[in-house]
Novice: 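Here it is: the structure, laid out below.
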2 protein chains.
Amino acid sequence: MSQTVDRALSILPLLAEGPADLGQVADRLGVHKSTALRLLRTLHEHGLVYRQSDQRYRLGARLFALAQEAMENLDVREIAHPHLARLNAACGHTVHLAVFEEGEVLYIDKVESRYPVRMYSRIGKPVAITVAAVAKLLLADLPEPERRALADKLDYPMYTARSTPNAEAFRRELAKVREQGWATDLGGHEESINCVAAPIRGADGRVVAAMSVSAPNVVVTADELLTLLPQVRRTADAISGEYSGRTPIKEAGNR
Amino acid sequence: MSQTVDRALSILPLLAEGPADLGQVADRLGVHKSTALRLLRTLHEHGLVYRQSDQRYRLGARLFALAQEAMENLDVREIAHPHLARLNAACGHTVHLAVFEEGEVLYIDKVESRYPVRMYSRIGKPVAITVAAVAKLLLADLPEPERRALADKLDYPMYTARSTPNAEAFRRELAKVREQGWATDLGGHEESINCVAAPIRGADGRVVAAMSVSAPNVVVTADELLTLLPQVRRTADAISGEYSGRTPIKEAGNR
DNA sequence: ATGGACGTTGCACATAATGCAACTCGCCTG
DNA sequence: CAGGCGAGTTGCATTATGTGCAACGTCCAT
């Protein structure tokens with residue numbers, strides 16, 4: 001809607017791929033170098049872009065700070081965290097919290113496994129949407145037309161032999177997940193990693209977030225992990241209660 | 001340099017403080033509502049801003065993803081991580097990696113303590129620059145005029161009784177740190193937490209990053225923590241060697 | 001020295017962003 | 001239920017703003 005801003009913002013994902021010099025930026029934007037220069041300067045002033053010693057530009061530090069603050073403003077996250085920590089303390093595995101936003105599912109919190117073997121994931125990283133247990137829960141709750149549209153336009157990469165292969169299988173899986181009120185990912189993303197997930201609901205019953213417990217095969221088998229389901233669901237329900245204002249919030253007092 | 005972009009970007013820190021509606025944004029930008037609307041729309045299209053159910057705007061998801069990718073492109077971080085992890089495995093305490101950029105010091109990596117009592121910090125969060133051990137190392141290496149200018153314009157909040165009280169004390173501390181080649185923070189930020197830090201240098205000898213080990217008093221005393229100094233320095237030197245290309249990089253092979 | 005690549009600046013032009021005023025929509029009030 | 005308020009949205013005329021160009025500066029490699 002605003003050409004100048006649009007161009008400026010297009011620089012960010014471009015730089016996310018890696019540092020680039022003025023010429024490259026100008027080319028990829030399809031504008032004159034002088035124009036690119038002015039845009040980069042403005043981005044620079046706001047700290048979103050940094051000029052490294054070799055004169056090339058890369059994404060800047062303020063970006064971290066912003067993402068940081070954005071995160072802290074998510075109230076689900078704030079409420080959920082102590083619960084996640086408690087669950088982690090109890091079972092020792094990696095615990096994730098994720099939300100759906102604009103066609104993406106992303107982790108907004110994580111408590112690391114106590115075990116030495118950990119899975120690779122990072123807060124803020126978009127989730128493998130077609131296979132992750134949390135993604136299934138979040139998508140399963142979308143209104144039907146939206147869900148269908150999304151399922152159709154997604155890619156279905158075969159991370160492993162057990163990955164969701166196509167839109168139809170995915171829709172079936174979502175229907176099942178919606179019915180049972182919880183979800184799993186058994187080696188669908190990484191061969192040796194399993195997850196169990198449960199939904200967190202707001203006052204109106206809509207799913208606002210989802211949480212999961214993940215562990216590699218070498219630590220516990222899928223069956224053993226499934227025995228944690230009741231605990232996961234209880235935790236999710238506790239968060240739901242607090243988030244929707246039904247449960248008075250216990251003062252935990254630490255930060 | 002570019003008014004439109006400048007205005008648009010000014011919205012981001014504003015929203016970082018918390019969600020705001022159109023009117024508030026327009027007011028704080030000092031522009032007409034219709035203008036603010038168009039800017040917000042553009043930001044929205046790029047996913048930097050999200051419109052929540054109550055119509056108010058808040059920072060969007062793409063911001064996380066960008067910060068994420070920006071992080072992955074920092075080569076120091078990539079090189080340092082396995083070393084940090086190894087140090088953490090050896091001593092069990094929280095290990096941080098930080099860089100200086102445009103007047104701020106920020107954590108770019110962290111390996112959590114094995115002990116139940118952990119300190120509060122987050123990757124991407126700006127560091128308490130006047131007291132943190134890593135900050136001292138990074139600032140101590142700045143060219144004199146820059147260092148002086150920065151020291152003078154900083155605030156010196158008294159987090160605890162042992163915080164650096166003013167610019168002069170800070171300059172003295174930096175001189176000392178520069179001389180000895182390592183730094184500590186003994187309860188200067190949080191009463192019960194101590195840190196030991198060492199610098200990571202590039203091929204030209206300039207400090208490009210700093211790393212630290214932190215632990216609360218309840219786990220180890222300051223004196224005990226100091227006994228780790230040689231280990232910390234060795235780790236930092238190992239990273240320096242690899243970063244500056246002196247040491248052939250051991251293939252770790254995992255990701 | 002000399003050429004070339006890249007970043008930077010000043011300027012004239014026209015595009016593109018701005019503020020205004022009018023309109024819609026939902027909500028509260030009398 | 002009318003009516004008025006507040007917030008968001010749209011079309012339009014005005015002109016401020018961003019744009020491309022061409023010339024200049026600088027650094028590096030030949």
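Worth knowing before you read on, the calculation uses all heavy atoms, side chains too, and leaves out hydrogens, waters and symmetry mates. Below, read A as the first sequence line, B as the second, and so on, with proteins coming before strands; counting in each chain starts at 1.
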Novice: Between T164(B) and T130(B) (side chain of the first, backbone of the second, donor and acceptor by atom type, cut-off under 3.5 Å), is there such a pair?
Specialist: yes
Novice: What's the CZ-P distance between R56(B) and dG8(D), to the nearest Å?
Specialist: 11 Å
Novice: Does this structure show an ion pair linking R171(B) with D152(B), if we count only N-O contacts that are shorter than 4.0 Å?
Specialist: yes
Novice: Between the opening five pairs and the closing five pairs of the helix from dA1(C)-dT30(D) to dG30(C)-dC1(D), how far apart are the helix axes, to 10°?
Specialist: 30°
Novice: Treating primed atoms plus P, OP1 and OP2 as sugar-phosphate and everything else as base, which nucleotides of nucleotides 8-24 of chain C get B, S or - for protein heavy atoms under 4.0 Å?
Specialist: BB------SSBBBB---
Novice: Under 4.0 Å between a side-chain nitrogen and a carboxylate oxygen: does that hold for R62(B) and E104(A)?
Specialist: yes
Novice: Has the side chain of T35(A) got a donor or acceptor atom that lies under 3.5 Å from a matching backbone atom of V31(A)?
Specialist: no
Novice: Between R41(B) and E45(B), is there a side-chain N and carboxylate O pair less than 4.0 Å apart?
Specialist: no
Novice: Under a 4.0 Å threshold between the charged nitrogen and the carboxylate oxygen, would D141(A) count as salt-bridged to R206(A)?
Specialist: yes
Novice: Do Y50(B) and Y57(B) make the cut of ring centroids closer than 6.0 angstrom?
Specialist: no
Novice: Once you round it to whole Å, what is the distance between C1' of dG7(C) and CD of Q24(A)?
Specialist: 14 Å
Novice: Rounded to whole angstroms, how far apart are CG on D54(B) and P on dG6(D)?
Specialist: 20 Å
Novice: Backbone N or O of L142(B) within a donor-acceptor pair of the R147(B) side chain at under 3.5 Å?
Specialist: yes
